[in-house]
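Order of the sequence lines fixes the chain letters, A, B, ..., with proteins taken first and strands second; residue numbering starts at 1 for each chain. Side chains are part of it too, since the values below use all heavy atoms of this structure and drop only hydrogens, waters and symmetry mates.
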Amino acid sequence: MKTVELSKAYNPKDFEDAVYESWKKNELFKPEDTDNGKPPFVIVIPPPNVTGVLHMGHGLNNSLQDILIRFYRMMGNPTLWLPGTDHAGIATQNVVDRQLKAKGIDRHEIGRERFLEETWKVKENHHTIIKSQLEKIGASCDWSRERFTLDEGLSKAVREVFVSLYEKGLIYKGNYLVNWCSSCGTALADDEVEHREVPAKLYKVHYPYADGSGFIEIATTRPETMLGDTAVAVNPEDDRYKGLVGKKVILPIADREIPIIADSYVSMEFGTGMVKITPAHDPNDYEIAERHNLPKINILNPDGTLNNDVPEKYRNMDVVSARKRIVEELESLGLFIGSEKHTHQVGHCYRCNTVIEPYLSDQWFVRMKSMADKALKALEDDDIRFYPKRWENTYIHWLKNIRDWCISRQLWWGHRIPVWYCRDCGETIVSREEVTQCSKCGSSNLHQEEDVLDTWFSSWLWPFSTLGWPEETEDLKEFFPTTTLVTGYDIIFFWVARMIMASLEFMDQVPFRDIYITGLVRDKQGQKMSKSLGNGIDPLDVVDKYGADAMKFTLCFLSNQGQDVLIDMNTFNLGSKFANKIWNAARYILMNLEGRELLSKEELKLNDFDNWIYHQLNEAAGKVEESIKLYKFNIAGQAVYEYFWNDFCDWYLELTKGSLQGEDVDEKNRAITVLLDILQKSLRLLHPFVPFISEEIYQKMPNTEGFLITADYPAWNESCQNKVLAENMAAFQDVIKAVRTLRSEFTIQPEKKVPVGIRMNTSFNAKDFFLKHQAQIKKFMRAEPLSVGFEIKDISGSVPAPGLGYEAFVYIRDMIDIPSEIQKLKKEYDKLAKQLAGVEKKLANEKFLKNAPEEVIEKENGKKREFSERIEKVKKYLADLKK
RNA sequence: GGGCGGUUAACUCAGCGGGAGAGUGCUACCUUCACACGGUAGAAGUCAGCAGUUCAAAUCUGCUACUGCCCACCA
């Protein structure tokens, strides 16, 4: 074989892009046709908003998805990760609006069609960016199946769902109070409103009786809405006001007469116990108005200014200014009593942060109750599982309190509602196809509903619409339902619950079995990463500085199930160092190939250390499989880290150095054959966590073919287990460590060789192992000479290191500081004495002996023997040293 | 007002009924021919507090204290 040269330093930029290209070119992200009977493993990506760029949350999310996908791909399941993007109605429209505004253009000037052209351009741009970002971080998704929530197929699915729900009576149109964002100029769904506590004032105002007999006192936080008042309400149980119900008061400024009514909603304790009722601008007041048949006066324009139903001087004034002016006017009228500080929750638009106004308008709604019930049952029946489980509560709570979903948006960017109105006869036509003729009067004088649908109305179909529904496609048959959804807890309502409802409604199945809810990525102070705080980390910066593998591995390693991940740029050093270690271990092996020959399986004889490392590899693979199946990414990451670094690099590679650098050609060939095999299997083990570097090295190895990405995972195999060997090896490591500790403690230079004697008990389990591998022990301890046996003639001049079943004597007494060694031994003695006392106390306890399981008692007995043995030795050493 | 998390080594976090762990940082020694993004060794913790269950509690239960998040119409 020829030596393969790797660059001295690990430099991910040298190969990451090229490796990704080669995977793509060879179509390795597509599901493989296998006939091994394994079920498909399918993930549909949570589609990123096509307006944005990827942030660290996506970095985490997609890294974990990629790990799952790569793991199952290597396990032999037909594996599909379906990518795509979301048109993000409001967010995208706002971006384009802002761009136009910067050019001094209002979208209404250029009209709907031209505006949409502009928006598609923005979409194309951002889509390119997002796709390349996903590629950069190594996402192995099947780009040939990529979808967009506004593409032709998904639009068809959206129409089908809308019409079908309409036909089932689950969609209706009506004039209701909705959440209105005056800045975005559209209605929002309830969960698109973010409630935040804001400081405000509670104003107290007099309304005069119509008969001039005095005043009542009401309390309000929103005096400007009084212009839309149609009543004043008190609690029917309130003795103070019982006599007033039915009387009339004059609404100041508006100069209208309104009644005093009784409704149990009103709290007697809060404010004055008298509430002004503004049905068109407060959800509670709306309810009261419905109960009492009160008129509803809308006083706002869609842009949030006061409309023509208020006195002239207030028209076109914004709400905040109007509030100020109303208070001033009330003051001048002598009707203003005062105000006090009052903090309360105010709804804000989740897209633009504008204060949300309850606003009366014609909107389309979906009746959710029946679908929610099915979704609740799916959880009850264990058809879906949340990881971690606690998110079930959030899901259940929301579904149990579900309200109808306002799906119409007064936007241009989105799926236009498939409803046509006849201008001649007023007929409403809801149709899957484009309508040109009125179905009732035959007129062609029709116009389509101007509104578009909520973005989530397309997203909630994602798991099946992306697979071709409503067509009965092969993909749909093969890959639906999907397996796992990986997403953040912030969209459990928006998206997760709704997908489950839509799937149950239209596919009669849940859309996925497992829901893995990731934590949030935060900075080291625990703050959410955000643009405004400027504390965000761009995944591309991480890739640029450390490489995609370093990012993926670090996030995996830190990702304790569902807990938030606190990071800064420095954190990624963890993964970077690991990748560097992998690189250099491979480099070392590959630089030793010159002139060597691979042995065939038949000629190859494995030694104890080879068998040990195979055992460790197998154990690690077992841990990975077990933990990935439970979505415990950190444990899986830890298992491969420990295997590769601690077992493979620190021990195995060191143990083989003698063979590799010795004179024996046969042994050299043997060693390199095993090393290459172990390396190759280690790369398989590592691949899901560090795909680029593992593939790059794999490609350069002489004993590999094809691509690592589709190679077999080294699945756990019982026959690879070798527990006795593992125990022997642990003792081997212990004795070496003990001597090293002594050397280090007295700063004996590494190159200095010291005589060592190991005296074993005849009952010592690893005695044969020690005798057999004396040469390695000697080398690792830097001992000269070393004697291993059951007797040692002379221990004078030595410092002892106690082990279990043996004692090691290091002849360095002339080199050490005896008092400090005595100190150390005393400390150890105290510790052992304490431990022994604890164990003895336990073993003397009858209740313990009666109640504890057999193996625990046996373990305690073992501990007692161990501590006793050690303490005896330490005692002896102390006595000896003091001489 | 309800609900859910978190509190373990200087920092970031594992462990969640039977001997306190990792990574980073720190200390000492080592530039030995894979790697100084390294090696070998070391120091470092009344596992937030109190009470309970148990033979046994960082781990289970209850309460308290901070701390974070979600939900909820009190004008």
Side-chain angles (χ1 to χ4, degrees), chain A residues 6 8-10 191 195 202-203 218-222 225 233 265-267 269-278 282-287 342 344-345 358 388 390-391 393-394 397-398 401 489-490 492-493 519-520 522 524 526-528 546 550 554 557-558 560 562-568 570-571 573-574 576-592 632 634-635 638 641-642 649-650 653-654 657 661 736-737 740-751 782 835 838-839 842 845-853 855-857 859-860 862-863 866-867:
Chain A
L6 297 188
K8 181 162 183 194
Y10 157 66
D191 44 34
H195 292 274
L202 186 62
Y203 302 88
I218 59 105
T220 178
T221 53
R222 302 204 50 189
T225 62
Y265 158 76
V266 180
S267 154
E269 285 77 39
F270 191 87
T272 60
M274 281 194 155
V275 192
K276 58 193 271 308
I277 300 300
T278 321
D282 183 284
N284 299 308
D285 294 5
Y286 181 91
E287 298 288 317
H342 177 71
H344 63 158
Q345 297 278 333
R390 66 184 134 90
W391 291 109
N393 296 331
T394 307
H397 184 260
W398 188 72
N401 295 286
Y489 51 74
D490 45 340
I492 290 178
F493 314 133
L520 246 43
R522 299 172 179 279
K524 284 262 164 149
Q527 291 174 298
K528 203 169 164 174
Y546 297 105
T554 305
F557 196 85
L558 295 176
N560 187 32
Q563 290 298 105
D564 291 347
V565 182
L566 273 65
I567 51 162
D568 60 19
N570 237 3
T571 311
N573 235 310
L574 166 63
S576 175
K577 281 167 81 167
F578 186 48
N580 184 63
K581 192 73 180 176
I582 297 169
W583 185 259
N584 277 290
R587 174 169 173 259
Y588 164 69
I589 294 169
L590 296 181
M591 70 171 47
N592 278 294
K632 296 186 172 178
N634 57 332
I635 295 177
Q638 210 175 312
Y641 184 95
E642 280 170 3
C649 291
D650 289 351
L653 276 187
E654 295 303 325
K657 276 185 177 168
Q661 284 154 15
I736 289 165
K737 280 184 191 170
R740 281 174 173 175
T741 303
L742 270 177
R743 298 181 57 119
S744 171
E745 197 179 348
F746 298 106
T747 32
I748 295 168
Q749 296 298 307
E751 65 272 20
R782 304 205 133 255
Q835 285 174 320
V839 172
K842 249 188 198 177
N845 185 341
E846 272 177 46
K847 283 182 182 170
F848 172 72
L849 295 173
K850 210 176 88 194
N851 292 312
E855 63 266 28
V856 173
I857 295 172
K859 212 173 159 190
E860 290 298 316
K863 275 197 262 178
E866 181 187 335
F867 294 147

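Separation of the C1' atoms belonging to B:A36 and B:C29 is 14 Å when rounded to the nearest angstrom. With both ends at atom P, the span from B:C74 to B:A56 equals 48 Å, rounded to whole Å. Taking atom P in both B:U59 and B:G19, the straight-line distance is 14 Å, to the nearest Å. Across the C1' atoms, B:U67 and B:A48 are found 11 Å apart, a figure rounded to whole Å. Across B:C50 and B:G3, the matching P atoms stand 26 Å from one another, rounded to whole Å. Straight-line distance between the C1' atoms of B:C55 and B:A22: roughly 32 Å, to the nearest whole Å. Nucleotides B:A9 and B:G15 have their C1' atoms positioned 15 Å apart, rounded to a whole Å. The P atoms of B:G38 and B:A44 are separated by 24 Å, rounded to the nearest whole Å.
For B:U24, one of the phosphate oxygens OP1 or OP2 lies less than 4.0 angstrom from a side-chain nitrogen or oxygen of A:K577. Between A:H397 and B:G2 there is no side-chain polar atom (N or O) within less than 4.0 angstrom of OP1 or OP2. Residue A:T741 has a polar side-chain atom (N or O) positioned under 4.0 Å from OP1 or OP2 of B:G42. Distances shorter than 4.0 Å separate none of the side-chain N or O atoms of A:Q345 from OP1 or OP2 on B:C70.
Remark: B:U59 base-pairs with no nucleotide; criterion is Watson-Crick or G-U wobble with both hydrogen-bond distances under 3.5 Å. Nucleotide B:G1 is matched to B:C71 when pairs are restricted to Watson-Crick or G-U wobble geometry with both distances under 3.5 angstrom. Checking B:U31 for Watson-Crick or G-U wobble geometry (two distances, each under 3.5 Å) identifies no partner in any strand. In this structure B:A10 sits in a base pair with B:U24, meeting the Watson-Crick or G-U test at under 3.5 Å. Applying the Watson-Crick and G-U wobble criteria (two distances, each under 3.5 Å), B:G17 pairs with nothing in any strand. If you check B:U46 for Watson-Crick or wobble pairing at under 3.5 angstrom, you find it has no partner at all.
Counting non-hydrogen atoms under 4.0 angstrom, A:T747 reaches the backbone sugars and phosphates but no base. When heavy atoms are screened at a 4.0 angstrom cut-off, A:N284 is found touching base atoms of the nucleic acid. Within the 4.0 angstrom heavy-atom criterion, only backbone atoms of the sugar-phosphate kind lie near A:T220; the bases stay farther away. Contact annotation for A:D650: backbone-only contact, meaning every heavy-atom pair under 4.0 Å involves sugar-phosphate atoms and none involves a base. Counting any heavy atom pair closer than 4.0 Å across all strands shown, A:F493 reaches sugar-phosphate atoms only and no base atom. Backbone-only engagement by A:Q749 is indicated by non-hydrogen atom pairs under 4.0 Å involving sugar-phosphate atoms exclusively. Counting any heavy atom pair closer than 4.0 Å across all strands shown, A:K850 reaches no nucleic acid atom. No engagement by A:K276 is indicated, since no non-hydrogen atom pair under 4.0 Å with the nucleic acid exists. Among the atoms of the strands shown, base atoms are found under 4.0 Å from some heavy atom of A:G273.
Taking the six-membered ring wherever Trp is involved, the centroid distance between the rings of A:F270 and A:H342 falls below 6.0 Å.
Between A:Y588 atom OH and B:C33 atom P there is a gap of 12 Å when expressed in whole angstrom units. Separating the CZ atom of A:R782 from the C1' atom of B:C29 is a distance of 14 Å, rounded to the nearest angstrom. We find that OH of A:Y489 is positioned 7 Å from P of B:C70, with the value rounded to whole Å. We find that CD1 of A:I589 is positioned 14 Å from P of B:C35, with the value rounded to whole Å. The separation between A:L653 atom CG and B:G39 atom P is 12 Å, rounded to whole Å. The nearest whole Å value for the distance from the CG atom in A:L574 to the C1' atom in B:C37 is 11 Å. The CG atom of A:D490 sits 15 Å away from the C1' atom of B:C4 (whole-angstrom rounding). Distance CG (A:N584) to P (B:A36): 7 Å, rounded to an integer number of Å.
Of the listed nucleotides (B:C35, B:G23, B:A75), B:A75 has the atom at the smallest distance from the side chain of A:F270. Residue A:R587 places its side chain closer to B:A34 than to any other of B:A75, B:C37, B:A34. For A:N845, whose side chain is taken as the heavy atoms from C-beta onward, the closest listed nucleotide among B:G42, B:C74, B:C55 is B:C55.
Of the possible polar contacts, one joining the A:D282 side chain to the A:D285 backbone as a donor-acceptor pair under 3.5 Å is found. In this structure, A:R743 contributes its side chain and A:R782 its backbone to a donor-acceptor pair below 3.5 Å. Using modelled atom types, one side-chain atom of A:D564 and one backbone atom of A:L520 make a donor-acceptor pair closer than 3.5 Å. No side-chain donor-acceptor contact under 3.5 Å links A:N573 to the backbone of A:S576. Remark: side-chain polar atoms of A:S744 are not paired, donor with acceptor, to backbone N or O of A:R740 under 3.5 angstrom. One N or O on the side chain of A:N584 and one on the backbone of A:N580 form a donor-acceptor pair closer than 3.5 Å. When atom types are taken as modelled, the side chain of A:R522 and the backbone of A:I567 share no donor-acceptor pair closer than 3.5 angstrom.
With respect to A:E866 and A:K863, no salt bridge is recorded, no charged nitrogen being found less than 4.0 Å from a carboxylate O.
For the pair A:W398 and A:Y10, both in contact range of RNA chain B, the more 5′-proximal nearest nucleotide belongs to A:Y10. Comparing A:F578 and A:R522, the nucleotide of RNA chain B nearest to each residue sits closer to the 5' end for A:F578.
For the pair A:Q638 and A:F557, the tightest heavy-atom approach, listed with the atom from each and the gap, is CA-CE1, 3.7 Å.
For the pair A:K657 and A:Y588, the cation-pi criterion (under 6.0 Å, within 45° of the ring axis) is fulfilled.
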In B/S/- notation, 5' to 3', how is nucleotides 7-20 of chain B contacted by protein heavy atoms closer than 4.0 Å? -----SSSS--BB-
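Judged by distance alone with a 3.5 Å cut-off, a donor-acceptor contact links the side chain of A:K581 to the base of B:C35.
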